[in-house]
Number of protein chains: 2
Amino acid sequence: MTDVSIQRMTAGADGFDAALRKLLAWDDSVDHQVGESVRHILHDVRTRGDAAVLELTERFDEVSASQLSDLEIPRERLEQALANLPEEERWALEQAGERIRRYHDKQQSESWQYQESDGTVLGQQVRPLDRAGLYVPGGKAAYPSSVMMNAMPARVAGVGEIIMVVPTPKGVVNELVLAAAAVGGVDRVFTIGGAQAVAALAYGTETVPPVDKIVGPGNIFVATAKREVFGTVGIDMIAGPSEILVIADGRTDPDWIAMDLFSQAEHDEQAQSILISPDADYLDRVEESIRRLLPTMERADIIATSLRDRGAFIKVADLDEAADVANRIAPEHLELSVADPESMLPAIRHAGAIFMGRYTAEALGDYCAGPNHVLPTGSTARFSSPLGVYDFQKRSSIIGFSGEGASRTGRIASVLARGEGLTAHARSAEYRIRNDEQEDSE
Amino acid sequence: MTDVSIQRMTAGADGFDAALRKLLAWDDSVDHQVGESVRHILHDVRTRGDAAVLELTERFDEVSASQLSDLEIPRERLEQALANLPEEERWALEQAGERIRRYHDKQQSESWQYQESDGTVLGQQVRPLDRAGLYVPGGKAAYPSSVMMNAMPARVAGVGEIIMVVPTPKGVVNELVLAAAAVGGVDRVFTIGGAQAVAALAYGTETVPPVDKIVGPGNIFVATAKREVFGTVGIDMIAGPSEILVIADGRTDPDWIAMDLFSQAEHDEQAQSILISPDADYLDRVEESIRRLLPTMERADIIATSLRDRGAFIKVADLDEAADVANRIAPEHLELSVADPESMLPAIRHAGAIFMGRYTAEALGDYCAGPNHVLPTGSTARFSSPLGVYDFQKRSSIIGFSGEGASRTGRIASVLARGEGLTAHARSAEYRIRNDEQEDSE
């Protein structure tokens, strides 16, 4: 039997604060060598375009082509992948797509304007991005759900064109990923990956059009490349390991909770699963479930390592203290496996997504609940949000002064600009200030 | 007379695309030495807290104190600075504050929820950040308007506490900056600056509480420090040089337009002022105004250098072509100095703020129009937005499945999870799938 042991902590006990900090600590510093290598690739693609991308793709993915356009997968091929899926998988993908679309539709922002009494108009115009790039990892980390979660909000936002890149090491294509691209509304797909694909999207090449924002997960080379091109294009958050925090009142079937913790731990050894309960006996029962169920899991080794290295059971005095600890953790996923989750909700200030009640398994949120599964990790829920339609739109302020408004407001600007020593600012405003005898010039 | 020459270009002419790219090119790479020095300071403050901040403040600002709490300015001192201002300045500051607050009030996002037919609830909860940090530069770049523009959206968002840092080299305090902090609703002020102040805000020290997001402009050390702490805390965009693009139909007083271009150019030598018009004679007339007005300007040398090195006059065929060029530039500030700006607006896809009509001088937006003056620079208006209330709030997804909903949706999740080889995800969902004979367990 796979051995598993999980750290126990008691909130408020001596040394708890330090132990919690240690539990949550995560070193995301980038290896110097990786940084150098990525900067070299970015420069190469920026200066040599298609030729560089082709060479790097041959070197890293063992895929060769005489021109980059040969590495584009036509839109019909995506539709074909969807049509050819087993009936049940196509149904599931389309159902999930429909639920995700419906939720994201609610995130639409509207442009607005208001008029002041002197005729001055102020407002905010919301517009979609012209073009978005979606990075999809190849190999075993190629998740069709991730394709949909990244593409769908861009589609709903009204982005003009969605360009997906996905490496196909040794030419192996993932049919589910292509089908998900069809459901998600991706416009063009190139089978390229790594830092070279990020560079192609950011700078554009003869064949790959430059995008305005790059989203989607990737390995350390991809993440580092995204950090480097930030500013030239927008990027989503750089994700750390995935985490779940379950707050249980002690009356959910312990097997359910054990499996919810596993569902996070099976992602990789660095994933983090934490269980909080005021009921110490219940913690024992969940641990018992873990011991019994673990040997039945396909990824038992990964789960055991994740739980041992990064998991924890935290005993609290009551659910109020549980909410306090949750706010300090600011988890990516928070399950409130309690009788009355609604009454706890006001106390929860920081979490990427909140799963309410015993029936709401976190796994539903990963695939088909509707909300996005791209969520802030590593306590960044303190200041950031799930990926959403708003990430694919931007705002412009609208300022339209009437002659009277410009005259009145110009006096304020004039005083403040002179206070800052910016006299061109002041004089520019003063030109529009009317003397009583002056006529409206338009 | 200060000599000035401005580059002329014609849209669509041979070599225009390359010339435009060259005009907009801006090297924002960070000096290696600056990066090293900043990382050293961050590490020092992170490990030694108050003591490190005190030493660095003494070294860089020539301000010494025996403890960091001595460098805090009490809230009453801010109110006092406001009360002691000359009547006209206090009036202008309060008027501006009122207009900024009114505009930002419209940016409030509401939480929302909807219920599906089986009782499942989905939604999005909007919450303010707990604590925000505001960096304000010292010395000549200390702009009270910037204090208000950064603090006000945080205040309107409902941020729990706003902490401002402002260096006071040799102990010199700017009364207008303190007064603006009072109007903007800043809670606490520390007279520290540079990378050490950014570090104190990001990591917290014994005296300075850690914040969740740091906003505000600063020199290369501050900007580099913000980039480095991104992830630990949120940051606003790293601003490049300020820019204005004016589209003129040729019927605005050329002196007004000259002064509008000056108002951008006077910021610093790297600021960029571009004028586009279909009327070549008008471009000549604005150039004539520039030659005549320049010698009367207090910052004539800075303006002349900015216009010569980074300014341009672009002749277009018509206003449609002007809008095309504007979209390629994606300017921070766009003035539509034309008879009918409303009819141009739909064609404008990318701009931080759009100033409509001849009366709307860009300078009004810098101080008191209402919208924020912190805007995306360097073509980043393609994918980013003015600073706003939304930058000080974050969203959490809410997912609450009914027993019936979890059962139905669990089937979708199960298929997709198994398709991705994530069996703990599948089994976690499957536990909540009801067989016909099963009872609701709650």
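Quick note on labels: first sequence line is chain A, next is B, and so on, each numbered from 1.
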Visitor: Heavy-atom distances under 4.5 Å only: say whether B/Asp366 touches chain A with side chain, backbone, both or neither.
Guide: side chain

Visitor: Given that the side chain runs from C-beta out, which part of A/Arg411 has a heavy atom under 4.5 Å from chain B: side chain, backbone, both or neither?
Guide: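 Contact with chain B involves both backbone and side-chain atoms of A/Arg411.
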
Visitor: Under a 3.5 Å distance rule, please check whether A/Ser396 uses its side chain to pair with a backbone N or O of B/Ala353 as donor and acceptor.
Guide: no

Visitor: Only pairs of heavy atoms separated by less than 4.5 Å count here; which of A/Val121, A/Ile398, A/Asn174, A/Asp130 has the most with chain B?
Guide: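 Highest number of pairs under 4.5 Å: A/Asp130.
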
Visitor: Quick one: which of B/Gly410, B/Gly419, B/Gly352 has the most heavy-atom pairs under 4.5 Å with chain A, could you say?
Guide: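 Answer, by heavy-atom pair count under 4.5 Å with chain A: B/Gly352.
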
Visitor: Report the option among B/Arg227, B/Gln107, B/Gln124 that has the most heavy-atom pairs separated by less than 4.5 Å from atoms of chain A.
Guide: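 It is B/Gln124.
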
Visitor: With side chain to side chain contact (heavy atoms under 4.5 Å, CB included) as the test, would you mind laying out the steps for A/Thr409 and B/Gln95 before giving the verdict?
Guide: CA-CA 9 Å; A/Thr409 314; B/Gln95 288 284 312; over 6 Å; no

Visitor: Is it the case that more than 12 heavy atoms not belonging to B/Glu88 sit under 6.0 Å from its CD atom?
Guide: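 No.
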
Visitor: Please identify, among B/Thr296, B/Leu336, B/Leu261, the residue contributing the most non-hydrogen atom pairs under 4.5 Å to chain A.
Guide: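 Highest number of pairs under 4.5 Å: B/Thr296.
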
Visitor: B/Glu335 versus chain A, heavy atoms under 4.5 Å apart: side chain, backbone, both or neither?
Guide: side chain

Visitor: Output the option from B/Gly370, B/Ser379, B/Ser407, B/Ser384 having the highest count of non-hydrogen pairs under 4.5 Å with chain A.
Guide: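 Top count of heavy-atom pairs under 4.5 Å with chain A: B/Ser384.
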
Visitor: Do B/Glu266 side-chain atoms and A/Ala424 backbone N/O form a donor-acceptor pair below 3.5 Å?
Guide: yes

Visitor: List the steps and the verdict of side chain to side chain contact (heavy atoms under 4.5 Å, CB included) for A/Arg382 and B/Leu129.
Guide: CA-CA 7 Å; A/Arg382 288 182 294 116; B/Leu129 307 193; over 6 Å; no

Visitor: Is it the side chain or the backbone of B/Ser402 that comes within 4.5 Å of chain A heavy atoms, both, or neither?
Guide: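 For B/Ser402, backbone heavy atoms alone lie under 4.5 Å from chain A.
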
Visitor: Check whether A/Tyr114 forms a cation-pi arrangement with B/Arg102 (NZ or CZ under 6.0 Å from the six-membered ring centre, at most 45° off the ring normal).
Guide: no

Visitor: With a 4.5 angstrom heavy-atom cut-off, could you sort out which part of A/Leu176 is near chain B: side chain, backbone, both or neither?
Guide: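 Side chain of A/Leu176 only, per the 4.5 Å heavy-atom cut-off to chain B.
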
Visitor: Please state whether the side chain, the backbone, both or neither of B/Asn327 comes within less than 4.5 Å of a heavy atom of chain A.
Guide: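 Nothing of B/Asn327, per the 4.5 Å heavy-atom cut-off to chain A.
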
Visitor: Roughly how far, to the nearest 0.5 Å, is the OH atom of A/Tyr143 from the CD atom of B/Glu420?
Guide: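 It is 6.5 Å, given to the nearest 0.5 Å.
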
Visitor: Distance check, rounded to the nearest 0.5 Å: A/Met356 atom CE versus B/Thr120 atom OG1?
Guide: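 If I round to the nearest 0.5 Å, the distance is 12.5 Å.
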
Visitor: Between A/Arg427 and chain B, with a heavy-atom cut-off of 4.5 Å, which part of the residue counts as in contact: side chain, backbone, both or neither?
Guide: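 Both backbone and side chain.
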
Visitor: Is it the backbone or the side chain of B/Ile348 that comes under 4.5 Å from a heavy atom of chain A, or both, or neither?
Guide: backbone

Visitor: The criterion is side-chain contact (heavy atoms from CB on, under 4.5 Å); which residues satisfy it with A/Ala417, sequence neighbours excluded?
Guide: A/His425, A/Ala426, B/Tyr367

Visitor: Do A/Ser428 and B/Glu362 meet the criterion of a side-chain donor-acceptor pair at a distance under 3.5 Å?
Guide: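 A/Ser428 vs B/Glu362: no donor-acceptor pair found between side chains.
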
Visitor: To the nearest 0.5 Å, what is the distance between CD1 (B/Ile399) and CG (A/Leu334)?
Guide: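 Here the interatomic distance stands at 11.0 Å.
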
Visitor: Under 4.5 Å heavy-atom distance to chain A, tell me which part of B/Thr380 shows up: side chain, backbone, both or neither.
Guide: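 Only the side chain of B/Thr380 comes within 4.5 Å of chain A.
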
Visitor: Between B/Pro371 and A/Leu122, what is the shortest heavy-atom contact and its length?
Guide: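 Minimum heavy-atom separation between B/Pro371 and A/Leu122: CD-CD2, 4.1 Å.
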
Visitor: Once rounded to the nearest 0.5 Å, what's the spacing between atom CZ of B/Phe401 and atom OH of A/Tyr359?
Guide: 13.5 Å

Visitor: What heavy-atom pair brings A/Asp255 and B/Tyr431 nearest, and what distance separates the two atoms?
Guide: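 It is O-CE1, 3.5 Å.
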
Visitor: At a heavy-atom distance under 4.5 Å, which candidate from B/Gly357, B/Pro386, B/Ala429 has the highest pair count against chain A?
Guide: B/Pro386

Visitor: Chain A heavy atoms under 4.5 Å from B/Val177: which part of the residue, side chain, backbone, both or neither?
Guide: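 Neither part, no heavy atoms under 4.5 Å.
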
Visitor: With a 4.5 angstrom heavy-atom cut-off, which part of B/Leu345 approaches chain A: side chain, backbone, both or neither?
Guide: both

Visitor: Hey, which of A/Gln264, A/Gln125, A/Met237 has the most heavy atom pairs under 4.5 Å with chain B?
Guide: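 Highest number of heavy-atom pairs under 4.5 Å: A/Gln125.
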
Visitor: Is A/Arg418 salt-bridged to B/Glu89, going by a charged N under 4.0 Å from an acidic O?
Guide: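 Looking at B/Glu89 together with A/Arg418, the answer is no, because their closest N to O distance does not fall below 4.0 Å.
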
Visitor: Is a donor from one side chain sitting under 3.5 angstrom from an acceptor on the other, for B/His350 and A/Asp212?
Guide: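 The answer is no; no qualifying pair exists.
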
Visitor: Mind checking ring-ring contact (aromatic ring centres under 6.0 Å, His included) for A/Trp112 and listing every partner two or more places apart, or none if nothing turns up?
Guide: B/Tyr103

Visitor: Measuring from B/Ile303:CD1 to A/Thr423:OG1, what's the distance to the nearest 0.5 Å?
Guide: 7.0 Å

Visitor: Tell me, side chain or backbone of B/Arg349 under 4.5 Å from chain A's heavy atoms, or both, or neither?
Guide: both

Visitor: Within 45 degrees of the axis of the six-membered ring of A/Tyr390 and under 6.0 Å from its centre: does B/Arg395 put its NZ or CZ there?
Guide: yes

Visitor: Please classify the contact between A/Ser145 and chain B as side chain, backbone, both or neither, with a heavy-atom cut-off of under 4.5 Å.
Guide: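 For A/Ser145, heavy atoms of backbone and side chain both lie under 4.5 Å from chain B.
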
Visitor: Report the option among A/Ile238, A/Val233, A/Leu93, A/Ile257 that has the most heavy-atom pairs separated by less than 4.5 Å from atoms of chain B.
Guide: A/Val233

Visitor: Donor-acceptor pair, distance only, cut-off 3.5 Å: does the side chain of B/Arg432 make one with the backbone of A/Arg358?
Guide: yes

Visitor: So, taking the atom named CG in B/Asn372 and the one named OG in A/Ser397, what distance separates them when rounded to the nearest 0.5 Å?
Guide: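 Separation between the atoms: 7.5 Å.
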
Visitor: Under a 4.5 Å heavy-atom cut-off, does chain A meet the side chain of B/Ala381, its backbone, both or neither?
Guide: backbone

Visitor: Before you tell me yes or no, could you show the steps for A/Glu116 and B/Arg99 under side chain to side chain contact (heavy atoms under 4.5 Å, CB included), namely the whole-Å CA-CA distance, both residues' side-chain angles and the distance that decides it to 0.1 Å?
Guide: CA-CA 11 Å; A/Glu116 304 191 316; B/Arg99 294 188 61 87; 2.8 Å; yes

Visitor: Is A/Asp253 close to chain B through its backbone or its side chain, or both, or neither, when contacts mean heavy atoms under 4.5 Å?
Guide: neither

Visitor: For atom CD of B/Glu298, is the number of surrounding heavy atoms from other residues, nucleotides or ligands below 6.0 Å larger than 12?
Guide: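 Count not over threshold, so no.
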
Visitor: With a 4.5 Å cut-off on side-chain heavy atoms, are B/Val211 and A/Phe383 touching?
Guide: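 No; the side chains remain at least 4.5 Å from each other.
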
Visitor: Only pairs of heavy atoms separated by less than 4.5 Å count here; which of B/Lys106, B/Lys213, B/Met297 has the most with chain A?
Guide: B/Lys106

